[in-house]
Amino acid sequence: MGKETSKANDKKLRNIKFRNRLGNLIPKIMIAPTFTVSLVCVYGFILWTIWISFTSSKILPKYDFVGFEQYNILFTQEPRWWVASLNLFIFSGLFIAICIALGLTLAIFIDQRLRGEGVFRTIYLYPMALSFIVTGTAWRWIMNPSLGLERLVQQLGFSDFTFRLLVESNVAIYAVVIAAVWQSTGFMFALFIAGLRGIDNSIIKAAQIDGASLKKIYLRIIIPSLRPVFLSAVIILLHLSIKCFDLVMALTSGGPGYSTDMPATFMYAFAFNRGRLAFGAASAVIMFITVMAIIIPYLYTELKGTRNAR
Amino acid sequence: MASLTITDIRKKFGSQEVLKGISLSINASEFVVLVGPSGCGKSTLLNLIAGLETINSGEIKIGDDVVNDVQPKDRNIAMVFQSYALYPNMNVEKNLSFGLETRKVPRDEIKKTVDHVANMLQISELLKRKPAELSGGQRQRVAMGRALARDPAIFLFDEPLSNLDAKLRVDMRTEIKMLHQRIKTTIVYVTHDQIEAMTLADRIAIMKDGVIQQFDTPQQVYDNPSNLFVAGFIGSPSMNFIPCTVIKQNEDTGVIFKTGEETSFFIPIKRTDLSLTEWIDKDVIIGVRPEQIASGFHLQEGNKQIHEIMCTVQVLEPTGPDTLVFVNINDTKVTCRVNPLDAKQPGENMKLMVDISKVLVFDPDTKMRIGNVA
């Protein structure tokens, strides 16, 4: 009798031990697939891309080593790469600056407790619901001289009116900026209004009593204390602009000519359309390094600052 | 420093009237505390004085100037907020000097003022730090420093201590009082804590539902509350309210304290300042502070105002210097403050002495004091 109970106890004990071990294992089992997938598909392929960029692969990967030859070609013999780089520079600069400026301005206006705030919020946020493909297509029609704005105004009787942003190769990149700004400003507005609402109302009261004008309160106190929001805004917009591919494809397909090429479309064109895998990989690596060069120092200074401050 | 005169102020938010005709006359260099439960309108009143809200009717005078339509910055006031409201992006020094800079005070003078204030509040070592790097008490000091730096005519404090922990709150309370004794600026101080009100104020204004219930010195408010609300709000533990019927027994008017099924005591109420002859056979509420029901009083022999009753102890709450004994009188829970050595255990009977020399009587219908209200 006593023996049997002890046996049963043993079994129970083993059961509990097994369950405990299982309980400890379950979280690891659960995250293992995503961990493996991201390890291989993100970091693995980053390494693979870097490797490929040092080979002479054409349509299919070829694992020979040619050193920096592809990079050499990219920087010295390929004017299209410089166009793409300059476009990225213009695009991201304008896109980030205008989005933040417009979003912040809208947020400040709405923050004055406007009537019908909810309606404005929805209107501004709505473009977010569209994908860049839809935005690009819609704006391609709007800015197309024979379909959109130019034709409309001309039909209204202003026959001299021209709006040729999309078809002039030296300004077409600004058309991309306009479409992208239209799409993303609402999101910036939402970020900033959340930031503004997070600021203690009594700070504004204190500043009023301290004699600061509304303009000064915003410039000296409120906007500077939105620093963490600016950080998020810049990071979000920067990565949007660097990976900007679908918008360009839908709006201009990189044209006229290759005047609105961006590094992402450039990479796609060479690696997949023209069958120069190694060359495309080299441009991808340069994009990667650029992003790291911008983001790492920025994150470092910002996060260090906030850790001290909070 | 300046006086502050408020005449019949009314304020509505939408259809709800928050302040229903407030009048206060505050002398120069006086420390006035506005106290009341949340929602009584005390913070609104402070915002009106500051000019952060506009009044619907009435008049606010700072010194001899009507300031109804004057901007907050031109009212020569400074305010300390509950959340401190420090500018998060500026260091302490900038926080202190911001108000002076906007007023275009010369730079060397700003520097002198900031140093002076920082010394006075012992925050000199913190000048280069950001608010986020400070503790609650330090932020509190900086907030006071910012107000001090401006050298205003009136200081407004909006529940400045309620975000601090209990010990720090007591320390800062003393510091605020010392500060006031030194700088002698008029202070209007809002709090919901009646202990803060009692300890700090020269005069207390007790508010409820947008109306000032009483405006008097702490001692007067404690001893001579004008109505049931003030009596119950001021004092901790709060005053006992015992419903009674006034009766005439022999030649004395008084009330019955029923402490058990078979025990009841007649308490004659005979005082020069209080006559209940008009209230015979009517209901009243007797207000007795816990310290007026004790195990014994100094010089109690032969004192006609002290009466003995027997009660059954329900609960004990030792506080250290005294023990609070809860008993039932007329089916109401009554708190008594007794000597810890005399306290009996729950369930036991205990002899208690009631001192009626300061007992208050209230009309249960109007909730107002009966008798001479000083």
Side-chain angles (χ1 to χ4, degrees), chain A residues 100-101 104 107-108 111-118 191-234 298-310, chain B residues 43 46-53 70-91 94-105 128-134 139 142-150 152-160 163:
Chain A
I100 288 182
L104 181 60
I108 288 174
D111 196 37
Q112 310 304 311
R113 312 275 158 188
L114 275 189
R115 203 185 281 224
E117 185 194 317
L191 270 186
F192 281 114
I193 193 108
L196 287 173
R197 290 286 151 86
I199 290 176
D200 181 3
N201 211 1
S202 48
I203 290 177
I204 299 170
K205 288 185 187 171
Q208 271 177 344
I209 293 176
D210 260 349
S213 60
L214 197 62
K215 188 178 134 206
K216 197 163 186 186
I217 293 176
Y218 272 102
L219 285 180
R220 289 280 309 271
I221 296 162
I222 296 181
I223 294 177
S225 32
L226 288 178
R227 224 172 106 141
V229 184
F230 278 98
L231 169 73
S232 322
V234 168
Y298 190 55
L299 277 183
Y300 184 74
T301 52
E302 279 296 326
L303 294 184
K304 200 175 116 199
T306 46
R307 203 180 304 142
N308 280 345
R310 266 162 219 276
Chain B
S43 286
L46 200 70
N47 282 343
L48 290 175
I49 297 171
L52 297 168
E53 310 259 8
V70 176
Q71 287 292 309
K73 63 185 166 87
D74 300 321
R75 290 193 179 192
N76 201 10
I77 46 148
M79 191 156 169
V80 178
F81 295 86
Q82 177 176 2
S83 59
Y84 318 129
L86 300 178
Y87 309 131
N89 56 310
M90 301 182 190
N91 64 22
K94 281 276 169 201
N95 262 287
L96 295 180
S97 62
F98 184 72
L100 300 171
E101 276 169 32
T102 55
R103 284 181 167 69
K104 309 227 163 17
V105 176
K128 295 295 171 208
R129 294 220 209 144
K130 288 266 180 77
E133 299 166 272
L134 304 177
R139 284 183 214 185
V142 176
M144 282 182 4
R146 184 171 65 183
L148 274 175
R150 296 250 320 279
I154 297 176
F155 268 127
L156 305 175
F157 284 84
D158 188 4
E159 309 216 12
N163 282 6

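Naming: A, B, ... by sequence-line order, numbering from 1 per chain.
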State, to 0.1 Å, how close [X] and [Y] come at their nearest heavy-atom pair, and which atoms those are.
X	Y	value
Ala78(B)	Ile209(A)	CA-CG2, 4.1 Å
Pro88(B)	Ile203(A)	CD-CD1, 3.8 Å
Ala207(A)	Tyr87(B)	CA-OH, 3.1 Å

Counting only heavy atoms closer than 4.5 Å, note whether [X] contacts chain A via side chain, backbone, both or neither.
X	value
Asp158(B)	neither
Leu86(B)	backbone
Ala143(B)	neither

(Q) Between the side chains of Lys216(A) and Glu101(B), is the shortest nitrogen-to-carboxylate-oxygen separation below 4.0 Å, so that they form an ion pair? (A)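 Salt bridge: no.
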Q: Under the side-chain contact (heavy atoms from CB on, under 4.5 Å) rule, what do Leu52(B) and Gln208(A) come out as? Steps first, then yes or no, please.
A: CA-CA 8 Å; Leu52(B) 297 168; Gln208(A) 271 177 344; 3.1 Å; yes
Q | Donor-acceptor contact present, side-chain Thr102(B) to main-chain Asp210(A), <3.5 Å | A |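 Confirmed, Thr102(B) side chain pairs with Asp210(A) backbone.
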Q.
Are Met90(B) and Ile221(A) packed together at the side-chain level, in the sense that at least one heavy-atom pair is separated by less than 4.5 angstrom?
A. yes
